[in-house]
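Each chain gets a letter, A, B and so on, in the order its sequence line appears, and its residues count up from 1.
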There are 2 protein chains.
Amino acid sequence: MMTEKSPNPEAGKDTFDLADFLPFLLNQAAEESSLAFQNVYKDRYGMLRTEWRVLFHLGMYGRMTAKEIGARAMMHKTKVSRAVQRLAERRFLNRTRDARDRRSEHLELTPAGEAAYRDLRGVARDYDAKLARHFTSGEVALLRSMLRQLAGIR
Amino acid sequence: MMTEKSPNPEAGKDTFDLADFLPFLLNQAAEESSLAFQNVYKDRYGMLRTEWRVLFHLGMYGRMTAKEIGARAMMHKTKVSRAVQRLAERRFLNRTRDARDRRSEHLELTPAGEAAYRDLRGVARDYDAKLARHFTSGEVALLRSMLRQLAGIR
DNA sequence: TATTGTTAGTTACAAAATCAACTATTACGC
DNA sequence: GCGTAATAGTTGATTTTGTAACTAACAATA
């Protein structure tokens, strides 16, 4: 009996392994490493992933439009629109139409939204520190820089 | 006018930035860096993410059960079940019941499945190399190792 | 060998994401 | 100004996922 399956020898001298494939690995790491954080915003505020993202963008960078959030978070406008709707229903944010261009509206957190944001930001900070603790600070800095590059952020 | 928005000063000495938050960054990097690959398996074979994952597991590691795939890819059994169904409908894999334990079934690629796998593996290899080309080989090795750790893989 | 529990995999129903079509508003070209 | 194109955001139809309940088969044990 084999102790562990290894890549199919049929591949010949080719050493490509799915477990090393960056898109696969990135997805696994992303999913696993955000599970526990996901439970916090879900259990505490009934939020979805898109919703805490919008909340964080508004809390962190201040008043902005749905379009701006979409561009920054690389979220499709439909996703942003529905997340904003749900956050507005629960009074986490206010929407005000731009006077000069009445198509777009400015989004801003309510006090309740601010409170939720501050709470979750604290959780996120601790969570991030906990993840980073597995590595040296140089490693983490390199990781962040590489991820930013991979994401095409600036 | 501001040239670029920066984290809200209200945060005080706190320098936590959403754009550095690992779960966020990992998700962005994962999504963006797999977009082009996603288009290939989608356009060429009409496959979803779960489906190419199953295909790759079978192509790379050979005949195994749905449960094994789920464990390796950290996919819920429902997801695996449906991906297997679709792959079976399109004749990319065969399912045979285990004689000793008739609950489980062994999955195996058909010749068509093997062909699709080999094609996509080639695409994946090139794709991975293209991503890695932005960094030194030492950086990439460290990245993979860190991602594996973050994903909880071994 | 009944009883109870566990496991592999499927299915049903609800929640969410995707894609395209739509409304309302502004911008452009003439 | 008038017609056309472009933009911000919403809505609806379809697809995909997630959660939980389900079936079928095996295991343990009294």
Using atom [atom1] of [X] as one end and atom [atom2] of [N] as the other, report the distance to the nearest whole Å.
| X | N | atom1 | atom2 | answer |
| --- | --- | --- | --- | --- |
| Met75(A) | dA8(D) | CE | P | 16 Å |
| Arg53(A) | dA16(C) | CZ | C1' | 15 Å |
| Asn39(A) | dG18(D) | CG | P | 13 Å |
| His76(B) | dT19(D) | NE2 | C1' | 8 Å |
| Arg86(B) | dG9(C) | CZ | P | 17 Å |
| Lys77(A) | dC22(C) | NZ | C1' | 10 Å |
| Lys79(A) | dA8(D) | NZ | C1' | 19 Å |
| Arg97(B) | dA25(D) | CZ | C1' | 9 Å |

Ring center gap for Phe37(A) and Trp52(A) short of 6.0 angstrom: yes

Arg72(A) NZ/CZ over Tyr61(A) ring centroid, <6.0 Å and within 45° of normal: yes

Closest-nucleotide 5' rank along DNA chain C - winner of Thr78(B) and Leu48(A):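 In this pair, the answer is Thr78(B).
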
5' precedence on DNA chain C between Thr50(A) and Ser81(B) (nearest-nucleotide basis):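 Comparing both residues, the 5'-ward one is Ser81(B).
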
Sugar-phosphate only, base, or nothing, as touched by Arg49(B) at under 4.0 Å among non-hydrogen atoms: nothing

Under 3.5 Å side-chain donor-acceptor pair for Asp119(A) and Tyr41(A): no

Residue closer to the 5' end of DNA chain D, Val80(A) versus Lys42(A) (nearest nucleotide): Val80(A)

Residue whose nearest DNA chain D nucleotide is more 5′ - Arg100(B) or Gln85(A):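 Looking at DNA chain D, the more 5' nearest nucleotide goes with Gln85(A).
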
Side chain Arg82(A) and base dT18(C) donor-acceptor under 3.5 Å: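 Flag set: donor-acceptor pair detected.
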
Arg103(A) (side chain) and dT7(D) (base): donor-acceptor pair under 3.5 Å: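 A donor-acceptor contact between them is present.
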
NZ/NE/NH1/NH2 to OD/OE distance under 4.0 Å, Asp17(A) and Arg125(B):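 Looking at Arg125(B) together with Asp17(A), the answer is no, because their closest N to O distance does not fall below 4.0 Å.
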
Arg118(B) bridged to Glu114(B) by N-O distance under 4.0 Å: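 A salt bridge is present here (some side-chain N lies under 4.0 Å from a carboxylate O).
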
Contact under 4.0 Å: Arg95(B) side-chain N or O vs dT10(C) OP1/OP2: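 Looking at the OP1 and OP2 atoms of dT10(C), one of them is under 4.0 Å from a side-chain N or O of Arg95(B).
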
